[in-house]
Amino acid sequence: MKLDLSAAPAPLRPLTDRSAWHLRANAPVVGWLLATVVVAVGHRWVPASPWLLVHLLLLGAVTNAICVWSQHFTDALLSRRATPASRRWQVARLVLLNVAVVTTVTGMVTATWVVTLVGAVGVGIAVAAHGTALWLQSRRALAARFRVCVAFYVAASWLLPFGAGLGATLARGLDEAWHVRVVLAHAGVNLLGFVGLTVMGTLLTLWPTMLRTRMADDAPRAARTTLSLMLGGLAAGVAAVLLAAPPVAAVGLATYLAGVLVSVRPMVTAARRRPPATFATWSAAGALVWLMGSLGTLTGVLALSGGWETAADRVGIVTVPLVAGFVAQVLLGALTYLVPVVLGGGPAAVRSTTAVLERGAVVRVVLFNGALVLFVLPAPSLVHVFASLTALGALVAFLPLLVGAVLAHRRARRTPFLLPTADDVAAAHARGHEVRDRAGGRQAPPVEAVTGPRRKGLAVAALSVLLLVAAGGVALDPAALGTGSGATSAAAGAEGAVAATGRTTTVEVEAANMRFVPSEIEVPAGDTLVLVVTNTDTTVHDLALDTGRTSGRIAPGATETFDVGVVGRAIDGWCTVVGHRQMGMVLTITPTGAAAVPDAAPSTNAGSAGDHEDMAGMNHGSAGAGPSGGTAPGGATPSAAEDLDLMATPGEDFTAHPAALSPVGPETVHRVRMTVSEAVTEVAPGVTQRLWTFGGTAPGPTLRGRVGDRFEITLVNDGTIGHSIDFHAGALAPDEPMRTIAPGEELTYTFTATMSGVWMYHCSTMPMSAHVANGMFGAVVIDPPDLAPVDREYLFVQSEYYLGPQGGEVDMDRLATGDPDVVAFNGYANQYDAAPLPARVGERVRVWVLPAGPNRGTSFHVVGGQFDTVFSEGAYRLRPGNAEAGGSQVLGLAVAQGGFVEMAFPEAGRYPFVSHAMIDAERGAHGFFAVTGP
C-alpha cells in the first residue's frame with residue numbers, strides 16, 4: 001500500500017511548530033542524560049550514586065522520553081493532529097513530572113522521606129494523567145489498525161503510580177524481609193511494566209519503519225497477544241513477589257517473556273527481509289537481545305532460589321544488562337531515528353541530520369555491547385572498571401552528535417524542497433506506508449548505510465579496542481593471570497634429575513576453608529603432573545609453586561588447570577594472597593617410585609597443615625610477593641620499618657586526617673556506598689604501605705546516627721582479592737550480609753541501630769587480623785538519647801601497622817608477634833603533633849575513642865586534662881556533679897571497645913593526648929590539642 005501525497009503543493013514552512021515543539025519537549029531528556037553522565041563519572045564522590053544513576057536515567061530521561069514520544073506515536077497511529085489545547089495540557093504534565101522528579105531525587109539524596117513522598121505522588125499523578133489522556137484520545141478516534149499499540153502506552157502509564165508508591169514505601173523504611181520483596185516488586189512494576197510495555201508497544205510499528213520495510217500482516221494480532229501475556233505475567237510475578245515464593249514469581253516472569261517472544265517473531269521476519277544496517281536498528285536489536293537474555297536469566301534465578309534473600313542477592317546480575325543494555329540502548333536507538341523524522345525539512349535536511357547521528361555507528365554499537373559483555377562476565381575488577389568507562393563513552397557520544405545533528409538540520413533547511421511535511425512522513429511511517437512527495441517521487445532514505453568491507457573493518461577496530469581494554473585491566477592487576485603472584489621464576493624446575501616417563505597424572509585440587517584438599521599429592525616420579533584447581537571458597541585464591549608455576553587468581557566458583565611439568569623432586573605450593581599461606585593454604589607434591597631426589601631449591605613451606613594451631617609457628621614462611629604482599633621465596637624484601645623515623649615531620653603537602661566529628665543530621669535512613677580500594681598511602685613520614693581501604697582511607701568513613709536509625713550500606717569490591725564488612729552497630733545473622741565478595745561484586749548490608757555507642761566496623765574476611773591491620777576498619781557513632789551539645793567533638797580511631805616493604809602490604813610474620821611498628825590515631829603516626837587540634841579555654845570538648853586493633857587496646861589520656869564525663873561501652877561511668885566529686889584520668893578500652901570523655905581546658909597551651917600504654921605513645925599514638933584563650 002502506498003500513500004500518495006502529491007496533491008496541492010504547499011510552500012515550505014520555516015522550522016515547523018511541531019519540530020520546535022519536539023526540540024523543547026526533549027530538552028529535559030537531554031538534561032537528565034547529562035546528569036546521569038555526571039553522576040556516572042563522579043559516582044565515588046556522589047551520595048547515593050547507584051540509586052541516582054538508575055533513577056536519573058529511568059525516572060528522569062526515560063520517563064520524559066516516554067511521555068513525549070508515546071503521545072507522538074499515538075497521534076500518528078490514530079491519524080490525529082495535536083491541538084493547542086492538548087499541547088498546553090501536555091506541557092503542564094511534563095512540567096509537573098520534572099518538578100516531581102527533582103523533588104524525589106532531593107528527598108532521596110537528603111534522606112527526607114516527606115520530600116520523597118511528595119515527589120513520588122507528583123510523578124504518579126503526572127504519568128497517570130498522561131495515560132488517561134491517551135486513553136481518551138483512543139476512545140474518540142476512528143478505528144485504527146494499530147490502536148492496540150496505544151493500549152500498551154495506557155497500561156504502562158497507569159502502572160507507574162503503583163511503582164512510585166512502592167518506591168516511596170521503600171524510602172520510608174521496612175524490615176529486612178519486606179524490604180527485599182518491595183524492592184523487587186518496585187523494580188518489576190517500573191522497569192518491566194512502565195518501560196517494558198512502552199518499548200514493546202513502540203517497536204511493533206517502529207521496527208519495520210526503521211528497516212524501511214512493510215509490517216507483518218499478523219502484527220496487530222501478535223500485539224494483542226503480547227499485551228495480554230506481558231500484563232498477565234507481570235501481575236502474577238509481582239503478586240508472587242509480595243505474597244509467595246521465588247519459584248512462583250518465576251512462572252509469572254516466564255509468561256512475561258513469552259509475551260516478548262510473540263512480538264519478536266514478526267520483528268525477526270521483517271529483519272530477514274531487510275537486515276539492520278544503521279545505528280538505530282542495531283541498537284534496537286541489541287536492546288531486545290539484552291532484554292530477552294536478562295529475562296531468561298532472571299527466570300532461572302527465581303526458579304532456583306528457595307527464599308527471597310537468596311533471590312535478592314542474585315537478581316543484581318541483571319541490573320546492568322536491563323538498565324544499560326536494554327533501556328539506555330533502545331532509548332538512544334529510537335532517538336537516532338526519530339529526531340530527524342520530527343525535525344523534517346525535506347530529504348536534504350533529513351539526510352544531513354541522520355548522517356550526523358549515524359557517525360561511528362558500527363564502532364559505537366560494537367564498543368557498547370562488547371564492553372557490556374566484558375562487564376557482566378567474570379573478570380578482574382579493573383577490567384570491569386575499564387569496560388564500564390568504555391560503554392559509558394559509547395553512550396555519551398550520542399549527546400554531542402545530537403547537537404551537531406540539530407545544527408546540520410538548520411543548515412540543510414536553507415534549500416527549499418516541495419516535499420511532504422514531517423507530520424505526513426511520521427504518520428505514514430508509523431503505518432508502514434511508502435511516501436511520495438508532491439512531485440511524485442519516492443522519498444529517499446535519509447542516509448546510506450555503511451556496508452561491505454568498511455563495516456567489517458570498523459567492527460574489527462572496535463573489537464581491537466575491547467581487547468586493549470581487557471588487556472589493560474589485566475596488566476594493571478598482574479595477579480589476575482598469575483604473573484607476579486608470588487612464585488619465583490628463578491626457582492629450579494620440577495623434574496630434578498629424573499627421566500620423563502611420558503605419562504601424565506591429573507589431580508583435582510579444591511581450595512576451600514583456607515585449605516587445599518588434598519594438601520599432599522603423590523606422583524610417580526617422571527610423570528607430568530596436571531593440576532585442576534577449583535575454588536569452592538567465598539574469596540579469591542591462587543596456587544603458586546616453588547618452581548615458578550602458578551594458577552593465577554581463581555575467582556570463587558572458578559576452575560583453573562595448569563601444567564606442573566615433569567615431577568622429579570618434592571615441590572612446595574601455597575596461596576599467595578596475604579595471610580592465606582599462614583592460615584594453612586599450603587600444599588606439597590612428592591615423587592614416588594624412585595630413589596629420593598634432593599630438592600633443587602630450599603623448601604619454603606615452613607608451615608605445615610599440622611602446626612597452624614600455634615600462631616607463631618604459622619609465620620616461619622613468608623607470604624607471596626607481588627600485589628598480594630610479602631616476599632617471594634628465595635629472597636627477602638627490606639621492611640619499611642628500616643626507614644621509620646617517628647621524630648620526623650611530614651612533608652609540606654601533608655594533610656591530617658579530619659578528627660572533628662560532624663553532628664548527627666536529621667535523616668533517619670542512612671544510605672552509603674562504600675567502595676573497597678587499594679592505595680599506596682603514607683602512614684608515617686617517609687613510610688608508605690599499600691593499604692586495603694573502605695572508601696579510600698584508613699580508617700574508613702565515619703557514620704553517625706541515633707538509636708532507631710536504619711543504615712543501608714552498599715559494599716563494592718574494587719580490590720584484587722575478596723573482602724567483606726562487619727558492622728558491630730547492628731545485630732543480625734552474619735551469614736549473608738557479612739559474607740566475602742569477590743572483586744567486582746557488591747552487596748547491600750542493612751541494619752537498624754538499636755543501641756548507642758561508638759561501634760567498630762571492619763573486614764571479616766580471613767585472616768581477619770591481616771585485613772584489619774592493612775587498613776580495613778572504621779567507626780559508627782550512635783548517639784545516646786538526649787546527648788547534650790558540646791562546643792567541639794573529635795573522634796580518634798587507634799590502630800596498628802606491622803610494616804611490610806615500602807609500598808607493600810602488612811608483614812604477616814610481624815603481625816603474628818603482636819608487636820607493631822606503628823600505633824596511630826586515625827591512620828597516621830603522630831599526625832596531630834604536626835597538625836594540632838584546636839580548642840578554646842572553657843569550651844566543652846567531647847572526644848570519642850575506638851581502638852580498632854587488630855591486637856592492642858588503649859588507655860586514652862590528655863596530659864594536663866581531667867575528664868568529668870566518661871561514657872564507655874554503652875553506659876555513663878562518670879558524670880559531672882557526682883557525689884564523690886570524682887574525675888577520671890584515662891579512658892581504658894580493650895580492642896574494639898568504644899566510648900567518649902568530656903572535659904574543659906582550664907588555660908591556654910598545648911595539651912598532649914596519648915595512649916598511656918607508653919610504648920604505644922612512643923610508636924605514634926600521640927598528638928596535641930592547641931588551646932587558645934577564650
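- In this structure, T83 and S86 have side chains that are in contact, with non-hydrogen atoms separated by less than 4.5 Å.
- Within the 3.5 Å criterion, the main-chain N or O of R224 finds a donor-acceptor partner in the side chain of S228.
- A 4.5 Å side-chain heavy-atom check between L402 and V30 finds at least one atom pair inside the cut-off.
- Of the possible polar contacts, none joining the E358 side chain to the T354 backbone as a donor-acceptor pair under 3.5 Å is found.
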Working note: T202 + V199, criterion side chain to side chain contact (heavy atoms under 4.5 Å, CB included); need CA distance, chi angles, decisive distance, verdict.
CA-CA 5 Å; T202 300; V199 169; 5.8 Å; no

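- With hydrogens and angles disregarded, a donor-acceptor distance shorter than 3.5 Å links the side chain of T226 to the backbone of G259.
- Below 30°, between 30° and 60°, or above 60°: for W69 and H72 the angle between ring planes is above 60°, a perpendicular geometry.
- Considering only heavy atoms from C-beta on, C67 comes within 4.5 Å of L97 through its side chain.
- With sequence neighbours excluded, the residues that form a salt bridge (charged side-chain N to carboxylate O under 4.0 Å, His left out) with R704 are D783, E793.
- E745 pairs by the salt bridge (charged side-chain N to carboxylate O under 4.0 Å, His left out) definition with nothing, not counting sequence neighbours.
- Interatomic distance, H130 NE2 to Q90 CD, rounded to the nearest 0.5 Å: 7.5 Å.
- Between L332 and S283, every side-chain heavy-atom pair lies at or beyond the 4.5 Å cut-off.
- The closest donor-acceptor contact from the side chain of T255 to the backbone of V251 lies under 3.5 Å.
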For side chain to side chain contact (heavy atoms under 4.5 Å, CB included), just list the numbers for F162 and L166, CA-CA rounded to whole Å, side-chain angles, deciding distance to a tenth of an Å, and then say yes or no.
CA-CA 6 Å; F162 295 98; L166 291 171; 5.6 Å; no

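- At least one donor-acceptor pair under 3.5 Å links the side chain of W207 to the backbone N or O of M267.
- Taken to the nearest 0.5 Å, the CG atom of L231 stands 6.5 Å off from the CG atom of L159.
- The two atoms that bring L77 and C149 nearest to each other are CD1-CB, 3.8 Å, heavy atoms only.
- Cation-pi check for R364 over F398 is not met; the charged atom does not lie both under 6.0 angstrom from the ring centroid and within 45 degrees of its normal.
- Note that CG of L338 and OG1 of T209 are 9.5 Å apart. Values are rounded to the nearest 0.5 Å.
- Remark: aromatic rings of F727 and F711 are distant, center separation not under 6.0 Å.
- Between the side chains of T299 and Y256, no donor-acceptor pair is found at a separation under 3.5 Å.
- Side-chain contact between L715 and E746 is absent, with no heavy atoms from C-beta onward closer than 4.5 Å.
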Going through the checks in order, is the side chain to side chain contact (heavy atoms under 4.5 Å, CB included) test met by V672 and E712?
CA-CA 6 Å; V672 179; E712 297 178 7; over 6 Å; no

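- The two residues A151 and L227 have their closest heavy-atom pair at CB-CD2, 3.8 Å.
- A donor-acceptor contact closer than 3.5 angstrom is absent between the side chains of H186 and T169.
- Remark: L229 CG to L234 CG distance equals 12.0 Å, nearest 0.5 Å.
- For A387 against F375, the heavy-atom pair with the smallest separation is CB-N, 4.1 Å.
- The shortest non-hydrogen separation linking A236 to G252 is CB-CA, 4.1 Å.
- Side-chain N or O atoms of R673 include none that pairs as donor or acceptor with a backbone N or O of G695 at under 3.5 Å.
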Take H670 and D709 through the side chain to side chain contact (heavy atoms under 4.5 Å, CB included) test and state the conclusion after the steps.
CA-CA 8 Å; H670 307 265; D709 284 4; 2.8 Å; yes

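- Between L204 and S263 the shortest side-chain heavy-atom distance falls below 4.5 Å.
- Across every non-hydrogen atom of A753 and R706, the tightest pair is CB-O, 4.0 Å.
- Annotation: side chain of L78 is in contact with side chain of S138 (closest heavy-atom distance under 4.5 Å).
- Just one of L291, L58, V327 meets the side-chain contact (heavy atoms from CB on, under 4.5 Å) condition when paired with L322; it is L291.
- Looking only at atom types and distance, the side chain of T752 has no donor-acceptor partner in the side chain of T754 under 3.5 Å away.
- When side chains are defined from C-beta on, L703 counts as touching I713, because their heavy atoms get closer than 4.5 Å.
- Partner of W32 under the side-chain contact (heavy atoms from CB on, under 4.5 Å) criterion, chosen from N98, V37, L57: N98.
- L52 CG to R671 CZ: the interatomic distance, rounded to the nearest 0.5 Å, is 11.0 Å.
- At least one donor-acceptor pair under 3.5 Å links the side chain of N369 to the backbone N or O of V365.
- For L197 against A156, the heavy-atom pair with the smallest separation is CB-CB, 4.0 Å.
- Between the side chains of W135 and S157, no donor N or O sits under 3.5 Å from an acceptor N or O.
- Distance check, rounded to the nearest 0.5 Å: CG of L395 to CG of L33 gives 9.0 Å.
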